[in-house]
Amino acid sequence: MAHIDIIPVDLPGSDSKKPLKFSGDIFQGFNAPCRFEGSVEQLEVLGEIPRSIDGTFYRVMPDHHYPPFVQNEIHFNGDGVISAFKIENGECDFQQMAVRTHRFLAEKKHRRALFGKYRNAYTDNPLVEGVLRTISNTNIVFHRGVLLALKEDGPPFAMDPTTLETFGVWDFQGQIKTPTFTAHPKFDPLTGDMVCYGYEAKGDASKDIVVYNVDKEGRKTDEVWVKAPWCGMIHDIGITRNYIIFPLTPITVDADRIKRGGNHFAWQPKLDQAYGILPRRGAKSEDMKWFYADNAFHGHVANAYENEEGNIVIDLTVADGNVFYFFPPDESRVGEPPRVKFNSPMHRWVFDPKAPDGTRYKPHELFDTQGEFARSDDRYLGQPYNHFFLCVIDPTKPYNFQRCGPPVGGLFNCYGHFNWKNHSKSIWFAGDCSTVQEPVFIPRSHDAPEGDGYLMGLVNRLDELRNDLVILDTARPFEEGPIAVVKLPFKLRTGLHGNFVESKDIKEWNERLPRDQIPRQNVDEVIKAKAGSVYKDGLKPIMNGILQPAANGVKGTNGVNGGH
């Protein structure tokens, strides 16, 4: 990394008092931190929210509570903050709370940032040595009465779905002990099973993947350990009735680079993309197969299923370049995000599970889309389906750069409804001063046909520095616009993922699992430093070139929001 002037302190986050100040592009304009907890009752509604929508839309965003002390900070390293939009009788209440992770609590106690680079404990202040550093900022799901706030570098944190109180680390009643857990568990609607996994399951840079099945009663019924061909990112998976598919992105982890204080991940432009195929039940490690395709960057999975021939069909967006520009092959070249536009059509892959390990594939079919954050009707997860939804990038639409500056989170300016059966498209453009965040699909009723219902998502009103929650009816052309717009009087930072939970499910589990029966974490214990974990060579050599530039006019570079 190129030399920069270093803040003249012995340790990051030292006791020297400085004004609280967020600097750099990552914290400007719509990217400015929210740092807000609270509630607003009866948000303003334009149009009419269907009375059949009765539940809560939960979503999570990374939001730094304190200014970081490292340069080239990234959006993904912000504290997990949960937003809840409770909808009932055509009205919407809003509530927001940060996840009380051990990291959040430790920094709150000392009133400053103590944790360093993204997924690199070697860059942390010794005050928090050995403290669990996950920030639970990637997804929020409902499981057996609790919300699980998820990030794939640590275990889930359980929260109350009504109050958003954090209970603490959730290990499924002692059944799951590995240090990492996916941000994208899959819930089989036919069996009630939760399919979950963790990569880097034996620590940083390990190629180990652990795969679990948790049944509808909360019992772990399967556990298998497998090896990846390299240590890389497996952010999302697909499931069918009989298989799990693991897209392994050509972005790699190197233990020596981490120990030097470098990035956790590095893009590898000459490495293949890979897909692991594993039977869902009773699998052994040797049953894992890896198939390969030309270099590309995986997005999120729309769905997967087995066709009549017994082959595996999986649909996901795939980009033709490094979406995570802040994890380049060469760290010395970190700078401004590239302005080139990636191609990211929806790819349909068809894999023969009986093919030999190492078989190479090309996409079976491409759906002419340009976007990300794929969602489908969860009632059809793992089964043949037709409908999916995306945050769409339409470069032909106008964008008011003068009023809004660079688009937050990428130029996702539309919501799209797509149908594999007839390759139809229906697109709603959010406006020339707006971008959109990941949506959720809500069925019109429990027995409604596939894809019949509502699409709900947050729109960033960049010129007004606030958000709208919009609801689109999938029975109407999206071009006709939302049937309801819920107006927030302030802005929320770009979020990652979320889900809608019906009120009846929350109420049922509140009765089955009384809140006072859930143990709470001991704050003093969980934030206590545990010596001997990483600082074997001392802190100063590790921190060289990582701290923010001194406040004397010397400028460093900071990343801005990533795509997903």
For a quick test of reading the model, state the closest non-hydrogen atom pair linking [X] to [Y] and the distance between them.
X    : Y    : answer
G453 : D473 : O-OD1, 3.5 Å
F157 : V169 : CZ-CG2, 3.6 Å
S426 : F478 : OG-N, 2.6 Å
S83  : Q96  : OG-OE1, 2.6 Å
P247 : I237 : CD-CA, 4.0 Å
P443 : D377 : CG-OD1, 4.3 Å

Do we see a donor-acceptor contact under 3.5 Å between the side chains of [X] and [Y]?
X    : Y    : result
E525 : H102 : no
Y199 : E152 : yes
N460 : T435 : yes
N77  : E73  : yes
Y243 : R280 : no

Flag the pair [X] / [Y] as yes when their ring centroid distance falls below 6.0 Å, and as no otherwise.
X    : Y    : answer
H75  : H64  : no
F172 : F181 : yes
F388 : F418 : yes
F389 : F441 : yes
F490 : F36  : yes
H423 : F367 : yes
H235 : H298 : no
Y385 : Y380 : no

Determine whether [X] and [Y] make a side-chain contact, defined as any pair of heavy atoms from C-beta on separated by less than 4.5 Å.
X    : Y    : answer
V99  : M159 : yes
C34  : M61  : yes
Q95  : E41  : no
P67  : S23  : no
F412 : V392 : no
M456 : V470 : no
Q383 : L190 : yes
P62  : I135 : no

**Q.** Derivation and outcome, ring-ring contact (aromatic ring centres under 6.0 Å, His included), residues F500 and F57
**A.** CA-CA 4 Å; F500 183 83; F57 169 39; 7.7 Å; no

Q. Among M346, R375, E372, which one satisfies side-chain contact (heavy atoms from CB on, under 4.5 Å) with L390?
A.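 When side-chain contact (heavy atoms from CB on, under 4.5 Å) is applied between L390 and each of M346, R375, E372, only M346 qualifies.
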
Q. Only one of L469, V45, L46, L43 clears side-chain contact (heavy atoms from CB on, under 4.5 Å) with K487; which?
A.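 Answer after filtering L469, V45, L46, L43: L46.
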
Q: Begin from the C-alpha positions of F94 and L492 and carry the test side chain to side chain contact (heavy atoms under 4.5 Å, CB included) through to its verdict.
A: CA-CA 12 Å; F94 173 83; L492 303 177; 4.0 Å; yes

Q: Could you name each residue pair satisfying salt bridge (Lys or Arg N to Asp or Glu O under 4.0 Å) that touches residues 86-104, not counting sequence neighbours?
A: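 Matches after skipping sequence neighbours: E37-R100.
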
So that I can tick it off, tell me whether [Y] and [X] are bridged by a salt bridge, with the cut-off set at under 4.0 angstrom between side-chain N and carboxylate O.
X    : Y    : value
K186 : D193 : no
R520 : E165 : yes
D171 : K177 : yes
K504 : D54  : no
R219 : E217 : no
K151 : D153 : no

Q: Just do the side chain to side chain contact (heavy atoms under 4.5 Å, CB included) check on I82 and M97 with the steps written out, would you?
A: CA-CA 5 Å; I82 308 302; M97 189 76 69; 5.6 Å; no

Value rounded to 0.5 Å, distance of [atom1] in [X] from [atom2] in [Y]:
X    : Y    : atom1 : atom2 : result
T396 : D394 : OG1   : CG    : 3.5 Å
E464 : L462 : CD    : CG    : 10.0 Å
D215 : T191 : CG    : OG1   : 8.5 Å
F85  : I49  : CZ    : CD1   : 11.0 Å
C391 : Q370 : SG    : CD    : 12.5 Å

Q) N467 side chain to V459 main-chain N or O, any donor-acceptor pair under 3.5 Å? A)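 Yes, because the side chain of N467 sits within donor-acceptor range (under 3.5 Å) of the backbone of V459.
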
(Q) Under a 3.5 Å distance rule, please check whether S136 uses its side chain to pair with a backbone N or O of L150 as donor and acceptor. (A)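 Looks like no, no N/O pair under 3.5 Å.
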
Q: Mind running ring-ring contact (aromatic ring centres under 6.0 Å, His included) on F297 and F324 for me, showing each step along the way?
A: CA-CA 9 Å; F297 197 105; F324 290 172; 5.0 Å; yes

Please confirm whether [X] makes a cation-pi placement over [Y], using NZ or CZ under 6.0 Å from the six-membered ring centre and within 45° of the ring normal.
X    : Y    : value
R348 : W420 : yes
K220 : Y212 : no
K491 : F30  : yes

Q: Look at the aromatic rings of F76 and Y118 and report parallel, tilted or perpendicular, splitting at 30° and 60°.
A: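 It falls in the tilted class, 30° to 60°.
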
Q: Begin from the C-alpha positions of Q437 and H497 and carry the test side chain to side chain donor-acceptor pair (under 3.5 Å) through to its verdict.
A: CA-CA 9 Å; Q437 302 189 28; H497 301 293; over 6 Å; no

Q: Keeping to residues at least two apart or across chains, list the side-chain hydrogen bond (donor to acceptor under 3.5 Å, both in side chains) pairs with something in residues 408-419.
A: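 Qualifying pairs: H387-H417.
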
Q: Enumerate the residue pairs fulfilling side-chain hydrogen bond (donor to acceptor under 3.5 Å, both in side chains) with a member in residues 399-411, sequence neighbours excluded, ordered by first and then second residue.
A: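 Pairs touching residues 399-411 that pass the test: R403-D463.
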
Q: Take C414 and V436 through the side chain to side chain contact (heavy atoms under 4.5 Å, CB included) test and state the conclusion after the steps.
A: CA-CA 7 Å; C414 304; V436 301; over 6 Å; no

Q: I would like to know whether D432 and K397 meet side chain to side chain contact (heavy atoms under 4.5 Å, CB included); could you show each step before the answer?
A: CA-CA 7 Å; D432 67 349; K397 300 294 187 184; over 6 Å; no

